[in-house]
Peer 1: 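Dropping a structure here in structure tokens format, bear with me for questions.
By convention in this document, chain letters (A, B, ...) are assigned in the order of the sequence lines, proteins followed by strands, and residues within each chain are numbered from 1.
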Amino acid sequence: MELSAKYSPIETEKKWYKYWMEKGFFQSEPDNREPYTIVIPPPNVTGVLHMGHMLNNTIQDVLVRRARMLGKNACWVPGTDHASIATEAKVVAKLKAQGIEKGDVTREEFLAHAWEWKEKHGGIILEQLKKLGASCDWERTKFTMDPDLSQAVINTFVYLYNKGDIYRGVRMVNWDPVGQTAVSDEEVIHKETKSKLYYLKYYLSENGKSTGEHIVIATTRPETIMADTAVCIHPEDERFFHLKGKSVQIPLIEREIPIVEDNYVSMDFGTGCLKITPAHDINDYEIGLRHNLPVIDILDDYANLNEKAIILVGEDRFTARKKIIKMLNKSGHLIKEESYVSQIGYSERTDAVIEPRLSLQWFLKMEEAAGPALESIMEDKIKLIPDKYKNTYKHWMENVKDWCISRQLWWGQQIPAWYLPNGKVVVAKTVEEALTLALEIDPTTSIDELEQDPDVLDTWFSSWLWPISVFDPEKPGNPDKEPNRDLAYYYPTNDLVTAPEILFFWVARMVMAGQEFCNDIPFKNVYLTGTVRDKSGRKMSKSLGNSPDPIKLMEEFGADGVRVGMLLCSSAGNDILFDQSQVEQGRNFANKIWNAYRLVKGWEIDPNTTQPSQSAISVRWFDNLLAESIDIINDHFNKFRLSDALMHLYKLFRDDFCGWHLEIVKPAYGQGIDRQTYDSTINFFDNLLRLLHPFMPFITEELWQNLLEREEGDSLMVNIMPEKYEFNKKNIAQFNLAKETIVQIRNIRQSKGISPKEELKLLLKGSLSEQLYPVILKMANIGEILDLSEKDPNDTGVSFMVDTIEFFLPLEGFTDIAQEIKKAQDELKHLEGFLKSVNAKLSNEKFMANAPRKVVNIETKKRTDAMTKIEKLNQLIEELSK
RNA sequence: GGGAGCAUAGCUCAGUUGGUUUAGAGCAUCUGCCUUACAAGCAGAGGGUCGGGGGUUCGACUCCCUCUGCUCCCACCA
């Protein structure tokens, strides 16, 4: 069958992925081999593949495929995350499109819609990963809301509550008065907003009566003055020493509030006097705690003023602001107003101005777990790659705050806490167990009276268990339970590949969960990928529309091409600036491999031909080079330098294998090839395909299958990587001299306009092994190689040097001697400068005394080499000048 | 405001505990080639006083200080 000059990936990729699936090559069961485990960072269940996933999962697949080919029992566990906030938002939007408000349906109805949505859209992303070639064990696919994984979350909550690590506390949340929900910090968008700073008079008061004196307070939120419970000054602010211990009256409502002192106040901002409104500002709340101030909440769920405000009751917060300014102006409390620009938080979903609001939330204590979690990273029990993130990690762990684990949502694991009619709370795995506990508090309680906490748990509260629960869902919350077979075998996992943004949200918490429930680390290495950005460095995002569609990209360039394109420019922890030209480079490389195959496949073995000497030399050289490369690639992988490993292979295949070896051994047109060279070359090709397979699984499988006859059911992906073997460094160095000589000759041909087809003669003097001559003859189109002593003084031509070997290329009629002299002189000048710097070192007593012997030897050799070359150049210039 | 990091060729990056020829690669650029595997290719070339300044050292891209310019994380000032 005639093979096309262009490799077309689509059909090939489908074919082999199906084959791998059918043969069960992705599946893993515990056995007596060494395990290699990765758990996927679960993408949002309703998400679609973006470039970040492409990068992240390509890296994981490279690691897993390589481990598999190193003979390990490789297991890559896939799955998805229920992503409560994101998914709930999508379901709400979908209902809204049908004219249904979330408030109109019951929790059960809403969840039914959510599950329906999940069934319809869930897992699309996993199907997309298959196109990329991801070798996940799909039999093990998990979802964070699978019944058993949800149960693990509940068990964990109950366990930690009983242990005393989970408690309820008041916290300021971001309240969206339009969406009627609390939103997470991540969903608050800060925008620069023009507002006004109002300067208000607060009269000093004694025993409820104004003294007539006043202070001035600057505020952007005059409508909240009714919630003030103090005025605050800096303890060292001399301007206000006379106010210490006194009280002021809130304008209009004339409630008396104390003046307190706190370092929080900055003396040089506003007037230096700050009104304290604990219910409506997070900082004020904290100051309030320090000074035992009461909390007066004057806003309702819709951010309208409530009866506690006394005035303007029922008004919207912004209307109230306008009205109160008029009132304050009229009463003479308003001194002035200034334009002011500040950062205001808006809800991502409703664009409503976020109202800070106090509410009762569930928290998990972090302090106790933080110490060991920090230690395991700082002492390299878990390695971060790159390790610069250790600092960031340390900083966070040392300033860790308790984790707010409750969310005011429906999609997720509902908090297993039940309230008695008297407001007391019991925590249990089921309502029946809750009743048992409730009866101990109040024997009259009935099961119908128990009301479950409506909130769900933070999604991270299920994903922090992920490396454990995917193997043994009964283990979290049961530290004393024996691990099941899977957990015992696969845990701790080997590598985790994720983004640095979630180092705290996820990675640190998995380390804590590992300690708590398995008494062990969850993984040994954490490879942190960068952000995928566009060419000009902007983050890829839907709204910018600067992200290519990964599926289309794979259809156009092939999954192998995209994988290579992503990997070539991505070192750990560095952002990658994505450009389609990189993917083109990947596709071109696949095409190159394809064409190398076409060439080799077209060769016919001629049993009567013996191996030409240049072929024998090339085979020996490439054999050494391959061994050296295996060494280098192993080293790159040990250090997680994936792009370097790939780049090395890229050059090895393209330049060394195709550009040199294949060109050297390629038989002349119409002739056959000898058996020995053919077999060696096929063997090289086979090894190269193995080395390339983790990066480019599809094309390597395709060609490997066709290179030799393979047994049905065999596959490259379950074959073994070439192992390192002894090689001769000197042989490689010698061959490089021949390569350089050839390059020099080609260079001279081009600069003098001599066709590669014109055969030339070459004269030389120096230590070039005669064994290499046949390679030079073939690759530089040289007719014969003679000793330089045979040079006819009348010959015209070009001289050059490689290392310390002198060459002369006779060129008939070539007379541009001046140019040759100039070239030699430039070279001479460079060498003399170089020699001078070397001599400076060698004649420096301190250098000779302090530098290690090895360095001195190198410098000495540099000097000898440079002097030899200078001498020869001088001779040459002299000859040319005659 | 607190913390961290980065700055090397036009672009993206290496440079492995300071010394392997006065810095390497890929891409891009330029020149010449439709050479019977591949123009998604082949052959060759040019290009950097390693952000500025100072210091330590026999020796600095590498260590220290400082300035400049970017980036990220955390907290956000009434």
Peer 1: Below the 4.0 Å mark, does B:A37 have OP1 or OP2 next to a side-chain nitrogen or oxygen of A:Y7?
Peer 2: no

Peer 1: I'd like to know if the side chain of A:N781 reaches the main chain of A:K757, judged simply by a donor and an acceptor atom lying under 3.5 Å from each other, with no hydrogens or angles considered.
Peer 2: yes

Peer 1: Using a cut-off of strictly less than 4.0 Å, decide whether A:K666 has a side-chain nitrogen or oxygen near OP1 or OP2 of B:A37.
Peer 2: yes

Peer 1: Would you say a side-chain N or O of A:R746 is under 4.0 Å from OP1 or OP2 of B:G44?
Peer 2: yes

Peer 1: Between B:G41, B:U21, B:U36, which one does the side chain of A:K592 approach most closely?
Peer 2: B:G41

Peer 1: Measuring only the C1' atom in each nucleotide, how far is B:G32 from B:C70? A whole number of Å is fine.
Peer 2: 41 Å

Peer 1: Is the phosphate of B:G5 approached by A:N391 (side-chain N or O, under 4.0 Å from OP1 or OP2)?
Peer 2: yes

Peer 1: Could you check how far OH of A:Y389 sits from C1' of B:G3, rounded to whole Å?
Peer 2: 14 Å

Peer 1: Donor-acceptor pair, A:S4 side chain versus A:K6 backbone, under 3.5 Å?
Peer 2: yes

Peer 1: Atom CD of A:E859 and atom C1' of B:G18: how far apart are they, to the nearest Å?
Peer 2: 13 Å

Peer 1: Students often get this wrong, so: under 4.0 angstrom with heavy atoms, is A:S837 touching a base, only sugar-phosphate, or nothing?
Peer 2: nothing

Peer 1: Taking atom P in both B:U16 and B:C64, compute the distance separating them and give it to the nearest angstrom.
Peer 2: 14 Å

Peer 1: At under 4.0 Å between heavy atoms, what does A:N850 touch on the DNA or RNA strands: base, sugar-phosphate, or nothing?
Peer 2: base

Peer 1: Within the pair A:K388 and B:C72, is there a side-chain N or O less than 4.0 Å away from OP1 or OP2?
Peer 2: no

Peer 1: Suppose you measure atom P in B:G59 against the same atom in B:G54; what distance do you get, rounded to whole Å?
Peer 2: 16 Å

Peer 1: I want to verify a distance call: between B:C38, B:G26, B:C58, whose nearest atom is closest to the A:E663 side chain?
Peer 2: B:C38

Peer 1: Classify the nucleic acid contact of A:P756 as base, sugar-phosphate or nothing, counting any heavy atom under 4.0 Å across all strands shown.
Peer 2: nothing

Peer 1: When we call it a touch if two heavy atoms are under 4.0 Å apart, what does A:N591 touch: a base, just sugar-phosphate, or nothing?
Peer 2: base

Peer 1: Taking only the C1' atom of each, what is the distance from B:A23 to B:G15 in whole angstrom?
Peer 2: 8 Å

Peer 1: Which part of the nucleic acid does A:K841 contact within heavy-atom distance under 4.0 Å: base, sugar-phosphate only, or nothing?
Peer 2: nothing

Peer 1: Determine the contact category for A:C658: base if any of its heavy atoms lies under 4.0 Å from a base atom, sugar-phosphate if only primed atoms, P, OP1 or OP2 are that close, otherwise nothing.
Peer 2: base

Peer 1: Nearest nucleotide by nearest heavy atom, which residue falls closer to the 5' end of RNA chain B, A:H830 or A:K651?
Peer 2: A:H830

Peer 1: Looking at A:R641 and B:U16, is any side-chain donor or acceptor paired with a base atom of the opposite kind under 3.5 Å?
Peer 2: yes

Peer 1: What does A:G670 touch in the nucleic acid at a heavy-atom separation under 4.0 angstrom: a base, only the sugar-phosphate, or nothing?
Peer 2: nothing

Peer 1: If you look at every strand shown and take non-hydrogen atoms under 4.0 Å, does A:V265 touch a base, only sugar-phosphate, or nothing?
Peer 2: base

Peer 1: Using a 4.0 Å heavy-atom cut-off, does A:N283 contact any base of the nucleic acid, only the sugar-phosphate backbone, or nothing at all?
Peer 2: sugar-phosphate

Peer 1: When all nucleic acid strands are considered with a 4.0 Å heavy-atom cut-off, which category describes A:F589: base, sugar-phosphate, or nothing?
Peer 2: nothing

Peer 1: For B:G32, what is the paired nucleotide under Watson-Crick or G-U wobble rules, both distances under 3.5 Å?
Peer 2: B:C42

Peer 1: Counting the atoms with a prime plus P, OP1 and OP2 as sugar-phosphate, which does A:R654 contact under 4.0 Å by heavy atoms, base, sugar-phosphate, or nothing?
Peer 2: sugar-phosphate

Peer 1: Both distances under 3.5 Å, Watson-Crick or G-U wobble: report the partner of B:A9, or none.
Peer 2: none

Peer 1: It should be established whether A:N588 places a side-chain nitrogen or oxygen under 4.0 Å from OP1 or OP2 of nucleotide B:C38.
Peer 2: no

Peer 1: Nearest whole Å is fine: how far is B:U20 P from A:R863 CZ?
Peer 2: 17 Å

Peer 1: Test salt bridge (Lys or Arg N to Asp or Glu O under 4.0 Å) on A:D402 and A:R171; report intermediate values, then the result.
Peer 2: CA-CA 11 Å; A:D402 286 351; A:R171 175 175 131 140; over 6 Å; no

Peer 1: Of all the nucleotides listed (B:G26, B:A78, B:C76), which has the minimum atom distance to the side chain of A:T220?
Peer 2: B:A78

Peer 1: Restricting to side chain to side chain contact (heavy atoms under 4.5 Å, CB included), what partner residues turn up for A:L599, sequence neighbours left out?
Peer 2: A:W603, A:L662, A:K666

Peer 1: Round to a whole Å and report the spacing from NZ of A:K823 to P of B:G46.
Peer 2: 11 Å

Peer 1: Over how many whole Å does the gap from A:F505 atom CZ to B:C73 atom P extend?
Peer 2: 11 Å

Peer 1: Less than 4.5 Å apart, any side-chain heavy atom of A:I233 and any of A:M267?
Peer 2: no

Peer 1: Anything under 30° is parallel, anything over 60° is perpendicular, the rest tilted; go ahead and classify A:F807 against A:F800.
Peer 2: parallel

Peer 1: Tell me the partner of B:C61, counting only Watson-Crick (N1-N3 plus N6-O4 or O6-N4) or G-U wobble (N1-O2 and O6-N3) with both under 3.5 Å; none if nothing fits.
Peer 2: none

Peer 1: Looking only at the side chain of A:L274 (C-beta and beyond, no hydrogens), which of the listed nucleotides B:U16, B:A39, B:A78 gets closest?
Peer 2: B:A78

Peer 1: Roughly, in whole Å, what's the span from CD in A:E223 to P in B:A78?
Peer 2: 14 Å

Peer 1: Let's see if you can work this out: which of B:A37, B:U35, B:A40 has an atom nearest to the side-chain heavy atoms of A:K757?
Peer 2: B:U35

Peer 1: Flag the pair A:R749 / A:L760 as yes when at least one side-chain heavy-atom distance between them is below 4.5 Å, and no otherwise.
Peer 2: yes

Peer 1: Sticking with atom P, work out how far B:U12 lies from B:A7, rounded to a whole angstrom.
Peer 2: 12 Å

Peer 1: Within the 4.0 Å heavy-atom criterion, would you say A:L568 contacts the bases, only the backbone, or no part of the nucleic acid?
Peer 2: nothing

Peer 1: With rounding to whole Å, what would you report as the distance between B:C27 and B:C63 at their P atoms?
Peer 2: 30 Å

Peer 1: Ignoring hydrogens and angles, answer whether the base of B:U31 and the side-chain atoms of A:Q750 contain a donor-acceptor pair closer than 3.5 Å.
Peer 2: yes

Peer 1: Could you work out which one of B:A37, B:U22, B:U36 sits closest to the side chain of A:K862?
Peer 2: B:U22

Peer 1: Under 3.5 Å, side chain of A:D803 to main-chain N/O of A:I805, donor-acceptor pair present?
Peer 2: no

Peer 1: Between B:A14 and B:G26, how far apart are the P atoms? Round to whole Å, please.
Peer 2: 16 Å

Peer 1: Tell which nucleotide pairs with B:U16, taking only Watson-Crick or G-U wobble pairs whose two distances are both under 3.5 angstrom.
Peer 2: none

Peer 1: With the side chain of A:N747 defined as its heavy atoms from C-beta on, choose the nearest nucleotide among B:U22, B:A45, B:G26.
Peer 2: B:A45

Peer 1: If you check every side-chain atom of A:D281, which of B:A37, B:U21, B:C77 has the closest atom?
Peer 2: B:C77

Peer 1: Against A:W594, only a single residue in A:Y7, A:F653, A:F698 fulfils ring-ring contact (aromatic ring centres under 6.0 Å, His included); can you say which?
Peer 2: A:Y7

Peer 1: Given the P atoms of B:A45 and B:A40, what is the spacing between them in whole Å?
Peer 2: 23 Å

Peer 1: State which residues pass side chain to side chain contact (heavy atoms under 4.5 Å, CB included) with A:E337; sequence neighbours excluded, sorted by chain then number.
Peer 2: A:K196, A:Y198, A:I325, A:L334

Peer 1: What nucleic acid atoms does A:K639 come within less than 4.0 Å of, heavy atoms only: base, sugar-phosphate, or nothing?
Peer 2: base

Peer 1: Grab the CD-P distance between A:Q580 and B:C11 for me, whole Å please.
Peer 2: 21 Å

Peer 1: Partner lookup for B:A75, please. Criteria are Watson-Crick or G-U wobble with both distances under 3.5 angstrom; report none if nothing qualifies.
Peer 2: none

Peer 1: Under 4.0 angstrom, heavy atoms only, what part of the nucleic acid is A:Q585 near: base, sugar-phosphate, or nothing?
Peer 2: sugar-phosphate

Peer 1: Starting at the 5' end of RNA chain B, which residue's closest nucleotide do you reach first, A:S581 or A:L577?
Peer 2: A:L577

